[in-house]
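All heavy atoms count here, side chains included; hydrogens, waters and symmetry mates do not. The model shown is predicted, which means the values in this text are computed figures rather than measured ones.
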Amino acid sequence: MARWPPLFAVQPFSRARRQGSAHSRSVVRKRAESRRGRNLLSESSVGLLLASLLVLRPYSAFAVLIDSSQVPPLLEMQAGWGVSLSEWRADGNCDVATGLVCDEGGFVTSMTLTSQQVPSGLPGPFPTAIGSLTHLTELALDLSTGGAASIPDSISSLRRLAALHLSGAALAGSMPSAIAQLTALASLSLLDSNMTGSVPAFLSALTQLTELALYNGAFTGVIPDTIASLTALQRLMLAHNNFTGSIPNSLSALSSLEYLAIGTNLLSGSLPAALASLPLLQYLDVSAANLKGSIPPALGSLGRLRMLSLGSNHLTGIIPTSITGLAELTLLNLAGNNLTGSIPPTISLLNKLSVIDLSYNLLSGPIPEALSALPNLSSINLGNNQLTGPFPSSLANHASVTFIGLQSNHLSGSLPASLSSLPSLVYLLLATNNITGSIPDTIGTLSLLSNLDLGYNQLSGPLPSTVANLSRLRTLRLGANHLVGSLPANLQQMASLEYMHLAQNNISGSIPAAIANLTALSFLGMGGNQLTGRIPSTISHLTTLALLDLSYNHLTGPIPDSIGALSSLTSLNLRNNNLTGSIPSSLGTLANATLIDLSSNQLEGSIPNSITGLISLVYLAVNHNNLTGSVPADMGRLTTLSQLDLSYSMLQGSLPASLGNLTLLTDLQVDGTGLQCARGGWCELEQQSASAFCQRCALFCTKCFVRAADVCASFQHNPCGSGACVSLPNGTYTCTCPLGSVLGNNGTIAPTCVPCPACFNATSPPPANALPSRAPPSEAPPSEAPPSEAPPSGAPPPAPPFGAPPSKAPPSSAPPSSAPPDNEPSANPPSEQAGGGATAAAPSPPQAPTGRSGTKMVGFGISFFAVLLLHALAL
């Protein structure tokens with residue numbers, strides 16, 4: 001059956017939860033559906049979950065035959081579900097392996113059918129025959145497959161039932177009133193279902209109820225005050241539904257309540273101070289509930305509280321100092337709010353605190369040294385705030401710390417060598433700060449480190465060779481610093497590395513051959529450095545590589561033919577190097593490619609026809625090379641192509657008519673080439689989305705058919721030269737010539753018309769001096785800001801290979817309309833991992849000089865995170 005929710009589920013921050021009225025049932029349902037099938041049982045919850053589950057009767061040491069009166073309903077249930085359970089028959093034994101427990105008389109007292117007994121789940125409807133098993137005290141079923149299964153009214157016959165646990169996506173409908181007849185019920189849980197409707201008032205009749213779990217369903221309405229009449233309740237779980245309204249103050253009457261989870265709903269209002277009247281409360285989860293207001297200081301009186309999660313709301317104000325009264329607190333999650341002020345130093349009085357997550361707020365001031373007084377600290381996430389001051393060296397006093405997240409703040413100073421005193425550290429996230437100095441050699445002693453993110457700082461000096469000692473490292477992000485020197489020759493030791501981002505530094509030397517041993521790599525970003533030499537042919541060993549960026553370096557030699565073996569590659573960026581030779585035809589085997597940028601090199605020869613087989617390609621740039629020949633006739637097969645840049649090359653001939661099939665093409669660059677229009681000089685592309693193609697055609701075609709405003713609105717210069725652009729009654733635009741003649745909308749030219757840049761004599765090609773002068777676009781290296789990871793509160797997550805860039809990183813955009821832009825728009829924060837908060841846009845990097853340059857380019861033109869977006873859309 002579907003697993004129980006953790007006793008304390010810290011909800012990752014989601015920007016969608018901050019949209020207030022934009023919340024909708026569909027949004028929440030999609031999120032809930034995406035959670036189904038996950039393993040939601042956390043290690044920390046096992047003990048209490050077992051206590052809350054069915055208290056199974058002791059199994060007999062000898063076999064008990066099923067009483068004959070029980071066989072007919074069991075057979076009927078098997079037939080209804082279409083399953084075969086060997087002992088569910090006449091003369092069968094009560095066998096826990098097939099989900100049954102019987103009393104000494106052979107009457108079924110417990111039925112548990114989960115994935116252990118029925119791996120495929122229970123298909124079909126909920127059999128009404130269940131009502132015939134009147135001795136049942138415990139019933140647990142996983143209804144995860146088949147059609148909609150509502151709870152039958154016959155369940156009212158189970159008057160001895162003490163525990164009812166139903167789960168699965170097939171469980172639907174509303175809660176039947178028959179449940180009100182189960183007056184012996186102590187535990188009711190309906191988990192991971194599609195059940196709808198409100199919480200019925202008849203539940204107040206279940207006075208023995210100690211546990212009510214309506215977790216991850218589709219329940220709506222308000223949280224009713226009638227729940228307060230269930231005074232025996234110890235656990236109340238209503239999280240991950242569509243409940244609205246405010247949290248009722250009447251919940252304070254549940255004096256036996258130990259666990260309260262009502263997060264991830266569409267609630268409103270503030271967090272009621274009345275919850276402080278729950279003297280036994282140990283777990284409080286009201287995260288992602290759309291709450292406003294401040295944190296009630298009265299919560300500090302909950303002396304037994306062990307876990308507090310108020311993340312992903314709209315809470316304001318300061319962190320109240322009364323929080324120090326939570327002496328038993330082990331986990332504190334306030335991430336993803338709008339909290340201001342400083343972190344209270346008195347937080348050090350919480351001696352049992354193990355996990356603290358205050359990320360994605362507006363907290364300021366230094367990180368308190370008092371945090372070093374927390375003896376049990378294992379995870380600290382203060383990322384995406386406005387904290388200042390140096391990295392707190394006192395954190396190195398905690399040998400048990402596994403996670404440090406201080407990314408996207410305003411920290412300064414250098415990295416302390418004492419980092420080596422953190423032998424248990426798995427995540428070190430310090431990206432997007434103002435940290436200076438060098439990376440200490442001692443970092444290589446952190447043998448358990450999985451994620452090292454120091455990108456977007458002011459670090460200098462060489463990349464220590466000791467980094468290669470981090471054999472468990474999966475993610476290495478050191479981009480956008482001032483690192484120098486060569487890459488470590490012993491990179492092959494980092495066999496677990498999946499993501500390496502070293503772009504926008506001053507790293508020099510050649511690409512070491514050892515890089516071919518990093519066979520787990522999916523992202524390799526080394527653009528914007530000073531790398532020289534050839535691209536090693538052994539790079540083909542990186543068969544899991546999805547993104548390869550070697551742009552804006554000084555690489556020479558040919559593009560290795562073996563690059564076509566990178567079957568997982570979605571993005572290839574070799575822009576702005578000194579590569580020679582021809583474009584290898586093996587690129588046509590990169591079936592998953594969405595972006596190929598070979599621009600600004602010294603490539604020769606023709607465009608290989610094999611390129612036309614890349615049916616997922618969205619962006620293709622081969623401009624600023626020495627390419628000759630014509631454009632492949634089958635280029636129209638690239639039906640997903642959005643941008644095609646052929647400019648400033650020696651390509652000749654006619655553009656293939658098949659380009660008219662590219663309905664998604666929005667940008668075609670052919671400036672500075674000898675290309676001409678197909679079909680005798682006419683650009684007769686009548687598709688609505690093909691008008692952009694026609695615009696570019698107008699620069700060199702003898703005739704062009706365009707729609708209203710396409711020409712005149714698209715060029716900064718006047719497409720009619722010294723004439724004027726006039727709107728015609730049929731919705732098109734045309735040029736008027738200086739002598740008063742009018743060019744017809746069909747492209748015919750009056751005898752006295754003076755040629756203008758958009759329209760030339762129908763029988764002769766346009767004069768070279770009539771073309772509008774356009775310098776080669778200013779090129780600057782694309783910024784491939786890596787994702788800044790922030791973990792969910794609790795245990796740090798596995799590092800994803802891709803993600804959103806840190807808040808101050810140059811933002812990501814879609815592939816550019818001409819030359820890639822020199823900066824990128826802001827990307828969203830890592831909302832699925834931690835709390836939220838607005839990310840601050842970084843200043844635009846300076847533009848590089850026009851044309852090719854031997855100096856380091858500062859800005860980046862094509863964002864690799866745009867490529868990630870394109871790849872996601874392609875999927």
Side-chain angles (χ1 to χ4, degrees), residues 1-4 50-147 149-168 170-171 176 178-179 181-191 208 211:
M1 65 188 296
R3 302 194 184 265
W4 277 69
L50 291 177
S52 68
L53 287 173
L54 320 174
V55 182
L56 297 177
R57 295 172 62 98
Y59 305 136
S60 300
F62 53 90
V64 177
L65 290 178
I66 300 175
D67 185 83
S68 59
S69 66
Q70 309 288 281
V71 174
L74 291 177
L75 292 176
E76 184 179 338
M77 293 173 73
Q78 280 192 92
W81 282 325
V83 298
S84 178
L85 298 167
S86 59
E87 294 297 327
W88 288 31
R89 56 181 171 77
D91 299 325
N93 292 322
C94 260
D95 184 0
V96 69
T98 57
L100 299 182
V101 175
C102 296
D103 60 17
E104 291 80 357
F107 294 99
V108 178
T109 60
S110 174
M111 178 183 292
T112 302
L113 294 180
T114 67
S115 57
Q116 292 181 340
Q117 290 81 21
V118 187
S120 61
L122 297 176
F126 199 130
T128 58
I130 192 71
S132 300
L133 301 176
T134 56
H135 287 72
L136 272 178
T137 60
E138 299 136 358
L139 178 61
L141 303 177
D142 177 7
L143 302 166
S144 58
T145 59
S150 57
I151 301 173
D153 289 337
S154 61
I155 204 169
S156 62
S157 301
L158 306 180
R159 298 301 176 89
R160 303 182 187 185
L161 200 64
L164 176 60
H165 298 277
L166 305 177
S167 66
L171 188 61
I179 287 181
Q181 305 300 315
L182 307 179
T183 54
L185 206 60
S187 178
L188 172 61
S189 63
L190 307 172
L191 310 179
Q208 304 300 313
E211 180 173 56

Step-by-step side chain to side chain contact (heavy atoms under 4.5 Å, CB included) determination, Leu133 to Leu139:
CA-CA 10 Å; Leu133 301 176; Leu139 178 61; over 6 Å; no
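Atoms CD and CG, on Glu211 and Leu188 in that order, are 9.0 Å from each other to the nearest 0.5 Å. The structure places CG of Asp67 at 8.5 Å from CG of Asp103, a figure rounded to the nearest 0.5 Å. Atom CG of Leu158 and atom CG of Leu164 lie 8.5 Å apart (nearest 0.5 Å). Interatomic distance, Leu161 CG to Ile130 CD1, rounded to the nearest 0.5 Å: 8.5 Å. We find the OG1-CZ distance between Thr134 and Arg160 to be 6.0 Å, quoted to the nearest 0.5 Å. Separation of atoms CD1 (Ile155) and CZ (Phe126) is listed at 5.0 Å; rounding is to 0.5 Å.
Counting only heavy atoms from C-beta outward, the side chains of His165 and Leu191 never approach each other to under 4.5 Å. Between Val108 and Leu136, some side-chain heavy-atom pair lies under the 4.5 Å cut-off. Leu65 is listed as a side-chain neighbour of Asn93, based on a closest heavy-atom distance under 4.5 Å.
Across all their heavy atoms, Ser157 and Gly131 have their closest contact at CB-O, 3.4 Å. In plain terms, the two heavy atoms of Arg159 and Ala184 that are nearest each other are O-CB, 3.6 Å. Residues Ile66 and Cys102 come closest through the heavy atom pair CG1-SG, 4.5 Å. Arg89 and Val71 get closest at one heavy-atom pair: O-CG2, 3.7 Å. Of all the heavy atoms in Pro127 and Pro152, the pair that sits closest is O-CG, 3.9 Å.
One N or O on the side chain of Ser154 and one on the backbone of Thr128 form a donor-acceptor pair closer than 3.5 Å. Judged purely by atom type and a 3.5 angstrom limit, Thr137 uses its side chain to pair as donor or acceptor with the backbone of Thr109.
Using a 30° and 60° split on the angle between ring planes, His135 and Phe107 fall in the parallel class, below 30°.
Take Ser150 and apply the side chain to side chain donor-acceptor pair (under 3.5 Å) test, not counting sequence neighbours, and it matches no residue.
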